[in-house]
Amino acid sequence: MELSTCSPEYYKWTQWLFLQLFRRGLAYQKQALVNWDPVDKTVLANEQVDDEGRSWRSGALAEKRYLLQWFFKITHYAEQLLSGLETLEWPASVKLMQTEWIGKSEGAFFDFQLRNTLEHHHPSSSSSSSPSSSSPSSPSSSSSSPLPSLRVFTTRPETLFGVNFLAVSPEHPLLLKTELFSESVMATVEEMRSRLSHHSTNNDSSSKHGVFSGLYAVHPFTGSGVPVYVADYVVSDYGTKAVMGVPAHDARDLQFAAEHRLLPVTEVVSSDGLSIINSYQFSGLSVEEGSKSIVNSAHSQGFGGHMTQYKLRDWLISRQRYWGAPIPVLHCRKCGVVPVPETQLPVILPTGVEFKGRGPSPLSQDEAWLRGDCGKPGCCARRETDTMDTFVDSSWYFLRFIDPHLNDKPFSEAVRRWMPVDLYVGGVEHAILHLLYARFITHFLHDQGFLSHKEPFQKLLAQGMVQGKTYRLRSSGRYLRPEEREGREMVGNEDDEVRVSWEKMSKSKYNGVDPEDVIREYGADTVRVFMLFKAPPELDMQWDTQAIRGMLRWLGRVWTLTHEHVKVCQRRGEREEGEEKEEEGEEGEQKIVSATHRAIQEVTASFTERHTFNVAVSELMILSNTLRDGRSLSGSPAYHSALETLCLLLAPMAPHVTAHLWEDLQGVRRVLGLPIIKGDVLSQPWPQCDESLPNRPTDTVEFVLQVNGRKRAVLSLPSHLVDSEDLSREVVRGAVGGGSDRGRGRGGEGDCGTSQTHCKHCHQMMSLR
Ligand code: ANZ
């Protein structure tokens, strides 16, 4: 099954998706201050700019620019996307990232009537602190038309009586009424706007630029006047673009108030944070009660109410570049924006365009392609030249997979049966990009009746990174090439010149390993089993070529055990029939049968439920240890059956080796009086565990306690605790401190030669951190 999101057969349906969103008002165009990648010369979505303000793709510092852009209204789904997380079996860390990205804040709004004179003083304010005595004058002291009111958003309504200024962002619509402000105020506002457009954020803690607007706001409860400032710490795309300044209880407000000498700073919440003070009739109430009563009272008097805000912004999908699906709309001089009819899809990217690597999109250079027809006679329309962010393609591809070659529909009816995806495996770097976009589109398609499920991916496994050792000069930060690293093998050693550490493999860091090289040396099976064994899939894995040898040795041991058994059987076959069989120790045989069924149970659970492939390998090592200890039973049916099971359980991870072993084991079935099984190892049914067997070979079980993937202790605990909650309690009750680091997990160290040991419960224990 293969599909290619850049083929017109596919992107026809990405364009169809755009049209569905457009029709419902969820795809729209607006002027926006956007993140501009100066290297790729394109716009980036917020999610595509990292914490340092750099492009996820080029790594360049993103700039801010105003452009007319297309957006998808993902904010319309903020609440659904948030509550939907509860239904998902995803790692808590990824859910948390999405929760924080959506950023729900529950609070209140208050409307403050604006005035251009300070008519009242705050009951507790001193006149010397008022801007009227120290600030630039307002353009006119009395205005003919009544001034509007100013709405603020706050998450701390209980602090309303501590307000001593209001601040609006330089982009606040109030500032469009330029007649309300003096020229000098507008000039300062302009300066702030231009400064902001050159910085990726205006939330920088160091700068709190601001200017007194000349206007005052009337406190809705007390009637006192507070000055209104324009301040760059107020974000223009959040809340109401206006805040109430409460310096006594907010650090940013305090810094601003200090810089602008805004006094007094009145505390309105007691120092223990529990009750409301200095707030007239609300004083004495608990913060929670007071907050409610203030909002209710404001609501009943018509100047306030509850308000919920989300940090999530609409998804900017316009890209000014060649790749990506062309946005299927026409711009007509008479009719405005006209969607391309579905019957005319796909709008195919023009061929033969010139790539200059800079400047406007190559699509806007192709005059013939640009000409469109909006359907009305005499119309002169031009095609939209923006293409869609390629994350739009990947936000629905999983639906197409079910039948990738459908011509008349984006996806087959069978999605109702097959979706959602049971288990989705992907890197954590997609936590708030692909995984949020795909959820949004699935929710939307569900609401439109195209899908019966809301969430695309029921379970998520976010795999860790493969890390390699890096060697970096302390002085210049330069990464050393392999030939420059002689004698500097330790991680964390105190080399004055070079810092050795583990980092994600990357060409620029010279710490990559070419899989071809290691596969050539150790074989694909060894490398695969080694990688699965080295770390649980969700943790980073530190690549250690030396340790692969240990895995090769273990596979060699399985090979030897099998061939020893095959030889014993063959010798027996050569002996005369009727000769008496060797006595088989019943106890030893029982041990092998138990170990076999335990392995089936554990490996099956590791594969199907826990995805702890490292544990699966460990369990197979335990079984191979039991077989090695019970070598005297080599040649018996129980031994044979254990080897066959080992082969079947190992086959998904080491298909080549086990294909040979399986064939050899089949060769001696007749000698043992067993029927021949048809087919190769991979076409056999999965072994079934006999639940009635005592599958715990020992009375005590050793547990390796790992914290953050590192072995901290080995605990020897009674096996009856294995599946009980008592285990967690036992561990918490001091076993951590008393554990010895010298112990060994069964089947781990010494078996494969690496220092890794695992137990099936290590995850539970890790979560006890
Ligand atoms: C008064 C107050 C008093 C506030 C106090 C906080 C502490 P979150 O939780 O992030 O939603 N705020 C509101 N809109 C803003 C904007 N556009 N730019 C910058 N700040 C803004 O934050 C909500 C709080 O951030 C709001 O509550 C408001 O300040 C501020 F002791 O109001 B608060």
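For clarity, every value in this text was computed on a predicted model and none was experimentally measured. Start at 1 and go down the list; that is how both ligands and their atoms are numbered.
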Residue F153 vicinity, atoms of ligand 1 by number, heavy atom under 4.0 Å: 11 (O), 13 (C), 26 (C), 28 (C)

Part of V243 with heavy atoms under 4.0 Å of ligand 1, whether side chain, backbone, both or neither: side chain

S105: numbered ligand 1 atoms lying under 4.0 Å from its heavy atoms: 8 (P), 9 (O), 11 (O)

Where ligand 1 meets R156 - atom numbers and elements under 4.0 angstrom, heavy-atom basis: 2 (C), 3 (C), 4 (C), 5 (C), 6 (C), 7 (C), 31 (F)

Atom CD of E183: over 12 foreign heavy atoms under 6.0 Å: no

Within-cut-off N or O pair, Y238 and ligand 1, under 3.5 Å: yes

Crowding at NZ, K177 (>12 non-hydrogen neighbours, <6.0 Å): no

side-chain hydrogen bond (donor to acceptor under 3.5 Å, both in side chains) against H443, all qualifying residues, sequence neighbours excluded: Q80, E455

For T155, atoms of ligand 1 separated by under 4.0 Å from a heavy atom: 9 (O), 11 (O), 23 (C), 24 (C), 26 (C), 27 (O)

Residue H249 vicinity, atoms of ligand 1 by number, heavy atom under 4.0 Å: 5 (C), 7 (C), 31 (F)

Per-atom contacts of ligand 1 with K311, taking only distances under 4.0 Å to non-hydrogen atoms: 8 (P), 10 (O), 11 (O)

Atom CD of E288 with >12 non-hydrogen neighbours under 6.0 angstrom: no

Residue-ligand contact G239/ligand 1, heavy atom below 4.0 Å: no

Atoms in ligand 1 with a heavy atom of M244 nearer than 4.0 Å: 1 (C)

Residue part near ligand 1, for T154, under 4.0 Å between non-hydrogen atoms: both

Identified ring-ring contact (aromatic ring centres under 6.0 Å, His included) counterpart of W315 within the set F444, F71, Y437, Y28: Y437

Element-labelled atoms of ligand 1 that are located less than 4.0 Å from some non-hydrogen atom of V234: 16 (C), 17 (N), 18 (N), 19 (C)

side-chain hydrogen bond (donor to acceptor under 3.5 Å, both in side chains) against Q301, all qualifying residues, sequence neighbours excluded: S297

Residue of the set D386, T385, D389 for which side chain to side chain donor-acceptor pair (under 3.5 Å) holds with S318: D386

Donor-acceptor side-chain pairing of Y424 and H434 below 3.5 angstrom: yes

